[in-house]
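Structure first, then comments.
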Amino acid sequence: EPEVTQTPSHQVTQMGQEVILRCVPISNHLYFYWYRQILGQKVEFLVSFYNNEISEKSEIFDDQFSVERPDGSNFTLKIRSTKLEDSAMYFCASRGLKGYTEAFFGQGTRLTVV
Amino acid sequence: SQQGEEDPQALSIQEGENATMNCSYKTSINNLQWYRQNSGRGLVHLILIRSNEREKHSGRLRVTLDTSKKSSSLLITASRAADTASYFCVTGANSKLTFGKGITLSVRP
């Protein structure tokens, strides 16, 4: 069964460093998302991506964040100058045709900023 | 916001019992989805119900949708210890899916 794959599963980084979280969405899906979940808190929307551009973003997704789909298969989230409060689980998701299809999530990348 | 709000926030039942979880939302929807998250793990899609559907079944899961009341319920029948997890109702359009705060279900063996 197709699945969304995220790497790495766990990343530890020094405060102020840049990190890139990687995702391989399900082939032929059209919509891509990044979410984050701070430990013990709710799942928060960061950004959605469709047709090679950002479709919608939340207030969390400021200039510190960027997304890319560099090669037609990978979907990356870059976090510049990480802060302690960026520590969270980051989930990538993809969705197929427009309308009613379910979104499939990866297993997540646990980012720890020290 | 279309955000779903689940209740109860926490539910503890005995193995074999049924678990009913509710979700309310604020604006009109095209569909509503339920997801499960085991502790510290990924989000697993359980079931999607469209706005023109009233009830849907998948194995031991039964989902209902009442668009007039803007509410949905998820019923897990004959619960198992492995059903212990957080459950989320998710609403939203193509560009954004919005999660509720989730329900923590504990199934005691």
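Below, all heavy atoms of this structure are taken into account, side chains as well, without hydrogens, waters or symmetry copies. Residue numbering restarts at 1 for every chain, and letters A, B, ... go by the order of the sequence lines. These numbers come from a predicted model, not from an experiment.
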Legend entry - Cluster check B:Ile76, B:Leu11: I/L/V/M/F/W/Y, side chain < 4.5 angstrom: yes
Inset, instruction - Would you give the length of the straight line joining atom CZ of A:Phe105 to atom NE2 of B:His45, rounded to the nearest 0.5 angstrom? - result: 9.5 Å
Inset, instruction - Look at the side chain of B:Tyr35 and the backbone N and O of A:Ala103, then say whether any donor-acceptor pair between them is shorter than 3.5 Å. - result: yes
Inset, instruction - Kindly indicate whether the side chain of B:Leu43, heavy atoms from C-beta on, has any atom under 4.5 Å from the side chain of A:Phe91. - result: yes
Inset, instruction - Drop me the distance from B:Ser95's OG to A:Tyr33's OH, to the nearest 0.5 angstrom. - result: 7.0 Å
Inset, instruction - Give a yes or no on whether A:Lys42 atom NZ has more than 12 heavy-atom contacts from other residues, nucleotides or ligands under 6.0 Å away. - result: yes
Inset, instruction - Anything under 30° is parallel, anything over 60° is perpendicular, the rest tilted; go ahead and classify B:Phe99 against A:Tyr35. - result: perpendicular
Legend entry - Min side-chain heavy-atom separation B:Leu97-A:Arg95 under 4.5 Å: yes
Legend entry - Per-residue contact mode, A:Gln37 against chain B (heavy atom under 4.5 angstrom): side chain
Legend entry - Enclosure of B:Arg41 CZ (heavy-atom neighbours >12, cutoff 6.0 Å): no
Inset, instruction - Could you grab the distance from atom NZ of B:Lys96 to atom OG of A:Ser58, nearest 0.5 Å is fine? - result: 7.0 Å
Inset, instruction - Indicate if A:Tyr90 and A:Ile20 have the same hydrophobic cluster label, given that clusters are the connected sets of ILVMFWY residues with side-chain heavy-atom separations under 4.5 angstrom. - result: no
Inset, instruction - May I ask whether A:Tyr50 and A:Val4 are part of the same hydrophobic cluster, defined by side-chain heavy atoms of I, L, V, M, F, W, Y residues being less than 4.5 angstrom apart, directly or through others? - result: no
Inset, instruction - Would you kindly confirm whether A:Leu84 and A:Phe65 end up in one hydrophobic cluster when ILVMFWY residues are joined by side chain heavy atoms under 4.5 Å apart? - result: yes
Legend entry - OG1-CD distance between B:Thr98 and A:Glu44, expressed to the nearest 0.5 angstrom: 11.5 Å
Legend entry - In one Ile/Leu/Val/Met/Phe/Trp/Tyr side-chain cluster, 4.5 Å: B:Val107, B:Leu61: yes
